[in-house]
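Let me begin by handing over the structure; questions about it come next.
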Amino acid sequence: MELDDPEEGGSVPPNARLLEWAEAIADGRAVDWGRARREGLEPEGSIAALELVESLIQAHLEAKRRLSSDPSPLPVECWGDLRLLEKIGEGAFGEVYRAFDPALQIEVALKLMRWDEGEARAPKRFEEARRLARVRHPHVVRVYGVAHREGRVGIWMELVRGKTLEEILTSEGPFGAREAASGPISAARSRPSMVLD
Amino acid sequence: MPPGAPAEGRLDTTAELIRLARCGDLAASERLVRRYYATLRQWAHGRLPRYARGLSDTDDLVQSTVVQALKHIGTFDAKYEGAFLAYLRKILLNQIRDEVRRTNRRPRSDGESVDDLVSDQPSPLECAIGSESLERYDRALGRLSERHQQAVILRVELGMGYEAIAETLRMSSPNAARMCVARALVRLAESLRGTGGTG
C-alpha cells in the first residue's frame, strides 16, 4: 500500500474552510457561496477559484450525460501500424487476422506467430517470409512485409477472399489426384526451394 | 461500474497486463484496450470540437492513442492503474491538439474559414464552461503533483466513486480517497488563482 497522499507531507496544510467546501463540491453537495463570501475569511480569489472548480465538475458531468446515450463500438486492436479487423484463422503457429495496412491503404492477411515463440525463432520466421516473397505465382499469395514488433513476428500478405480448403472439402467432397496436385506442383516449379526445403 | 474501473476483477491488474503487454502478449494488449476504450472515448468526446466528433473521428483518435500508448509501453512503468489512466489521457489530449492544429492548417474547399469553424463548434466541455476556462483548468491541473492530478482526473473527469478511486490509486480506504480528492481540489483552486481571472 502506498502513502495515501504523499504530496501533502511537506506542504502547508490547506485552509480548513476551503477544504470543507472542497469536500462538499467533490461530493456533489451544494455550497452557499454568497455566505462564504460574506464571511470573507479566505485568501482573495479562493472562493471564486473553488466556484470555478465546481463549474468544471458540473461541465464534466454534463458532457458525460450526453455521451451516455452513445454506445461504444467494439475496440480495434493493433499490431504495429496494422489494424486488426477480424481473426480468420488459428493454428499451432499462432493466428491469422484480416487487417488494414494504413500505409498501403488495403486489407491484408496478417499471420501473427505465437508470442511465446521467443526471439530465437524470429530469424526462421523471417526466412520463411523471404522465401514466400520470392514466389511469383497465381496460386501463391503475395507477401507485403515481415516484422518483429511487440514481441511477435508477423507476416502480412495478400488477403484472398473465398472459401477455405476445409469449406470446399466439406461442400464439394475430396479433390481428385490431378486436381489436388496441379496447384502445388505448378507453384513449386516457379520456386522449387519452397517445397524442397 | 465506474468508468475506468476494471470489469474483470483484480486478478489481472493493470500493472500485470502492462507487464505482459511489454513482453509482447497480444491478448494482454487487447484486454488493456478493451478495459480503457470506453474511458478514452468519453475523454475524446468531451474534448473534440463538434466538427470532429463523428464516430469515425473519435474512434480514429482513440485508436491512434492506443497505438501510441502500446508503442511506448516498454518505457512506461505503471505502479497502479491511476498512473496508466493519466498516461493514456496525456497521449489522447496531445492527439486531439495535433488534430485541431492539423485542421486549422488544412485549406477548406467550401470557402468557410477554419477559424470560424473551430470557434463556432466548440467541444461539449467548452460549451459548458468556455474554452478559456478549460485551458486554464488544463494548465492548472498540469501544475499539480502527479497524485493530485490523478485524483482530480478520476473524480472530476471520470466521475469515479471514492471506493474505485481508492483501488485505482492504491489507497487505504474510500475515506482516504475522499480526503485526497478534496485536498487536490483545493490545490487545483490555488493553481487556478495563479492562472488569473478568478479574483
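These numbers come from the heavy atoms of this one structure, side chains and all, not from hydrogens, waters or symmetry mates. Naming: A, B, ... by sequence-line order, numbering from 1 per chain. Small disclaimer: the values here were computed from a predicted structure and weren't measured.
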- Message: Check whether B:R183 reaches the backbone of A:L19 with its side chain - one donor and one acceptor, N or O, closer than 3.5 Å.
- Response: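 Not at all, since once roles are kept as given, no pair shorter than 3.5 Å links the two residues.
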- Message: Could you report the tightest heavy-atom contact between B:V181 and A:A26, atom names first, then the distance?
- Response: CG1-CB, 3.8 Å
- Message: For B:E132, is the CD atom crowded, meaning more than 12 foreign heavy atoms sit under 6.0 Å from it?
- Response: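 Atom CD in B:E132 is not crowded, with 12 or fewer foreign heavy atoms closer than 6.0 Å.
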- Shortest non-hydrogen contact between A:E23 and B:A182, atoms and distance: CG-CB, 3.4 Å
- In sequence, state the C-alpha distance, the side-chain angles, and the governing distance for B:L26 and A:L84, and then conclude on side-chain contact (heavy atoms from CB on, under 4.5 Å). CA-CA 11 Å; B:L26 197 69; A:L84 312 191; 4.0 Å; yes
- Residues passing the ring-ring contact (aromatic ring centres under 6.0 Å, His included) test with A:F126, sequence neighbours excluded, are none
- Task: Mind listing the closest non-hydrogen atom pair of B:L192 and A:A49 along with its distance?
- Result: CD1-O, 4.0 Å
- Query: At what distance, to the nearest 0.5 angstrom, does CG of A:D27 lie from CZ of B:R178?
  - Reply: 4.0 Å
- Query: Among A:I25, A:I57, A:L56, which has the most heavy-atom pairs under 4.5 Å with chain B?
  - Reply: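 Between A:I25, A:I57, A:L56, the count favours A:L56.
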- Query: Can you tell me how far the NE2 atom of A:H60 sits from the OH atom of B:Y137, to the nearest 0.5 Å?
  - Reply: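 It is 4.5 Å, given to the nearest 0.5 Å.
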- Message: Looking at every non-hydrogen atom in both residues, tell me the closest pair between B:S133 and A:L52 and how far apart they are.
- Response: OG-CD1, 4.0 Å
- Message: Does A:R29, at its CZ atom, have more than 12 non-hydrogen atoms belonging to other residues, nucleotides or ligands within less than 6.0 Å?
- Response: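 Buried by this count: over 12 neighbours within 6.0 Å.
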- Task: Mark yes when over 12 heavy atoms from residues, nucleotides or ligands other than B:E163 sit less than 6.0 Å from its CD; otherwise mark no.
- Result: no
- Message: Can you give me the closest heavy-atom contact between A:A22 and B:L185, atom names plus distance?
- Response: O-CD1, 3.8 Å
